[in-house]
Amino acid sequence: MRKIDNHSNSLYRVGYVAIVGRPNVGKSTLMNSLLQQKLAIVSPKPQTTRHRVLGILNGEDHQIILLDTPGLMHPKYLLQEAMVKTVQTTMKEADLILMMVEPTDCDPDDEKLFHSLKAFPVPKFLIINKVDMVSKEKLLPLMDHFRVTGLFKEIVPISALKADGLDLLISLILNVLPQGEPFYPPDIVSDDPERFFVSEIIREQIFHHYGEEIPYATTVQIEAFEERPGRKDYIQASIIVEQNSQKGIIIGKGGQAIKRVGKVARENIEQFIGRPVFLDLQVRMKKKWRKDASMIRKLGYR
Ligand code: GDP
Ligand code: MG
């Protein structure tokens with residue numbers, strides 16, 4: 001007699017889920033909360049995420065491939081244009097779109113943003129995040145308001161930060177994902193290269209350590225990443241700014257500021273890749289890089 005295969009894949013669900021929405025609504029926080037691992041960088045400042053970040057949530061009978069995206073906005077320069085294009089491409093790849101909003105100062109009549117969703121013929125959920133910040137009385141009318149748009153298959157209030165409502169969200173996601181075989185091996189959490197996460201971790205520290213325009217005028221390029229048997233990995237990274245004055249601010253008096261950034265970034269990188277590293281940071285100036293097409297391509301945008 002043949003053994004009954006308990007691991008039959010007939011009910012296995014797999015698919016791509018794009019998380020989209022305005023800057024700062026908590027998209028990256030949701031991705032990390034669902035994965036129970038910090039993959040995407042998070043900051044209280046808007047527009048921290050500049051690329052789509054892929055994270056894989058593996059379960060017994062499912063593989064949810066989450067795609068975190070940069071915030072939707074009206075682009076002011078080439079980099080932002082590329083970021084918005086990235087969101088659109090990601091939505092095209094998705095089997096399900098999670099449109100995330102905040103309950104506070106969110107505008108349910110934002111026709112433009114929602115109108116753009118109509119172009120994508122896949123199910124869409126409206127995710128109201130940060131419900132830890134509002135009362136139920138405020139939430140219910142808001143949910144009704146979104147319901148009458150008829151755009152969303154589900155309206156799901158959550159708190160990404162407090163991991164509230166996530167089990168329900170996962171089960172609703174599984175209801176709509178296609179059946180199929182896993183796309184990725186079950187033991188990996190992303191297929192984005194280590195290099196990418198290392199540059200993101202450094203960028204995150206720049207968001208945490210510097211104010212105003214600095215983080216936005218900055219990008220990070222990994223120049224060298226060498227695994228050295230018996231020694232620490234060697235990582236050389238350039239912090240690229242737009243003006244010489246910004247270079248001075250990044251470095252700080254006597255190199256103190258960049259030293260602090262380097263220390264925290266190194267610790268976070270070590271935690272992420274699970275090996276000790278030697279992090280060599282340098283600061284370079286590249287005039288108006290955010291408007292420079294070749295630079296934007298170099299940063300991996302197509
Ligand atoms: P993103 O730009 O949409 O990716 O937003 P982030 O994930 O970077 O989060 C922006 C800010 O909102 C951060 O300071 C988060 O800690 C905060 N945040 C995210 N989710 C929640 C939540 O559920 N509740 C509260 N109170 N804050 C949150
Ligand atoms: Mg983000």
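Whatever order the structure lists them in is the order used to number ligands and atoms, beginning at 1.
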Tell me the protein heavy atom at minimum distance from atom 28 (C) of ligand 1, and give that distance in Å. Lys130 CE, 3.6 Å
Lys/Arg-Asp/Glu bridge criterion (N-O < 4.0 Å) met for Lys27, Asp68: no
Met133, portion touching ligand 1 at heavy-atom distance under 4.0 Å: side chain
Inter-residue atom distance Leu142.CG - Glu102.CD, 0.5 Å rounding: 11.5 Å
From Glu200 atom CD to Phe207 atom CZ, the distance as rounded to the nearest 0.5 Å: 9.5 Å
Point-to-point distance, once rounded to the nearest 0.5 Å, from CD1 of Ile158 to NZ of Lys162: 13.0 Å
Closest to atom 13 (C) of ligand 1 among protein heavy atoms sits Ser43 O, 3.7 Å
Distance-only N or O hit between ligand 1 and Thr48, under 3.5 Å: no
In the protein, which heavy atom is nearest to atom 20 (N) of ligand 1, and how far is it? Asn129 ND2, 3.1 Å
Nearest protein heavy-atom contact for atom 5 (O) of ligand 1: which residue, which atom, what distance? Gly26 N, 3.1 Å
Rounded to 10°, the OG1/Thr49 to the Mg ion (ligand 2) to OG/Ser28 angle comes out at 90°
For ligand 1, indicate whether the residue Ala40 contacts it via side chain, backbone, both or neither (heavy-atom separation under 4.0 Å). neither
Hey, mind stepping through Arg275 and Glu227 against salt bridge (charged side-chain N to carboxylate O under 4.0 Å, His left out) and telling me if it holds? CA-CA 10 Å; Arg275 301 188 295 273; Glu227 290 185 39; 3.7 Å; yes
Is any N or O atom of Val42, backbone or side chain, closer than 3.5 Å to an N or O atom of ligand 1? no
Give the residue, atom name and distance (to 0.1 Å) of the protein heavy atom nearest atom 14 (O) of ligand 1. Pro44 CA, 3.4 Å
shortest atom 2 (O) of ligand 1-to-protein heavy-atom contact is with Asn24 N, 2.8 Å
List the closest protein heavy-atom neighbour of atom 7 (O) of ligand 1: residue, atom name, distance to the nearest 0.1 Å. Thr29 OG1, 2.6 Å
Near-ring test Phe197/Phe272, centroid separation under 6.0 angstrom: yes
Interatomic distance, CD@Gln63 vs CG@Leu174, rounded to 0.5 Å, equals 11.5 Å
Using only atom types and a distance under 3.5 Å, with no angle test, would you say the side chain of Asp61 pairs donor to acceptor with the backbone of Tyr12? no
Asp132 to ligand 1, any heavy atom closer than 4.0 Å: yes
Please say whether Lys162 places an N or O atom under 3.5 Å from an N or O atom belonging to ligand 1. no
Are any of the N/O atoms in Val25 less than 3.5 Å from those in ligand 1? yes
Does the side chain of Met295 reach to within under 4.5 Å of the side chain of Thr219, using non-hydrogen atoms? yes
More than 12 heavy atoms of other residues, nucleotides or ligands under 6.0 Å from CD of Gln256: yes or no? yes
Give me the residue, atom name and distance of the protein heavy atom closest to atom 22 (C) of ligand 1. Leu161 CB, 3.3 Å
